[in-house]
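Written below as structure tokens is the structure these notes are about.
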Amino acid sequence: QQVVDYCRTRILPFAGGVMPGYNRENPSTGGYIDPRGTKQLREQWEAHLSYPWIRWVTLVTWQDYSEGHTIRPSSDWHFTRADVCRWYADELKGVTHPTTPQLYVTAPTHIHQGEKVQAEALVLNGSSSPATVTIDLLNPSGAVVSSASSTVLAGKAGDVTSNDSLSGVSWVRP
């Protein structure tokens, strides 16, 4: 925030960066940033877009596969992060979004002992109507152990994240 304001008041160019997450596999040794599904990436894009005079954004993806912040399609994220970046890049350029709401479900690729279990249902809603999204976590028998829903406004990106206060559950799937 301070760097952006400094550049703006002095009419200096500014190109901030966004990064979807960072993962060194061991939070106790540092370097681990949980991307919270796509929330971290979306919040960084939205922060940049809140300054209408910023005309370009740097995407930080160094060693993207080994460090867990890949943007291009992958077996972990499929097209989710690429589509999120396209959504916000279109906003930056003033390009119209696709009119059909797009749904993406993300879940952790691994969980460290003691971590909260969360899954995210993301909607990129380019339609003219709000969209409601629900996510259920199921146990191995298919019974719902957690459910959450949210409404995503027309023309917006939004998500619902599963309840992370699961206890006594050893395995779930979104």
- Item | Under the side chain to side chain contact (heavy atoms under 4.5 Å, CB included) test, residues paired with Thr58 that sit two or more places apart | Ala15, Trp56

- What are the two closest non-hydrogen atoms of Asp83 and Leu124, and how far apart are they? O-CD1, 3.9 Å

- Taking all atoms of both residues into account, what is the closest heavy-atom pair of Gln44 and His48, and its distance? O-ND1, 2.9 Å

- Would you please name every residue forming a side chain to side chain contact (heavy atoms under 4.5 Å, CB included) with Thr99, sequence neighbours left out? none

- Query: Glu43: what forms a salt bridge (charged side-chain N to carboxylate O under 4.0 Å, His left out) with it, not counting sequence neighbours?
  - Reply: Arg36

- Query: Is there a side-chain contact between Leu122 and Thr106 (heavy atoms, below 4.5 Å)?
  - Reply: no

- Are any of the side-chain heavy atoms of Leu59 and Cys85 separated by less than 4.5 Å? yes

- Query: Closest approach of Ala82 and Pro73, non-hydrogen atoms and distance?
  - Reply: CB-CD, 4.2 Å

- Task: Using modelled atom types only, decide if a donor and an acceptor are shared between the side chain of Ser141 and the backbone of Ala143 within a distance under 3.5 Å.
- Result: no

- Partners meeting salt bridge (charged side-chain N to carboxylate O under 4.0 Å, His left out) with Asp159 (sequence neighbours left out): Lys39, Arg42

- Distance-minimising heavy-atom pair for Asn125 and Ala131: ND2-N, 3.4 Å

- Would you list the pairs meeting salt bridge (Lys or Arg N to Asp or Glu O under 4.0 Å) in which at least one residue belongs to residues 142-152, sequence neighbours left out? none

- Between Thr134 and Ser147, which heavy-atom pair has the shortest distance, and what is it? CG2-OG, 3.9 Å

- With the side chain counted from C-beta on, respond yes when Leu41 and Val18 share a heavy-atom pair under 4.5 Å apart, and no when they do not. yes

- Note on the structure: Note: Ala121 and Leu103 closest approach over all heavy atoms is CB-CD1, 4.3 Å

- Test side chain to side chain contact (heavy atoms under 4.5 Å, CB included) applied to Glu91 - qualifying residues, sequence neighbours left out: Leu49, Trp87, Tyr88, His97

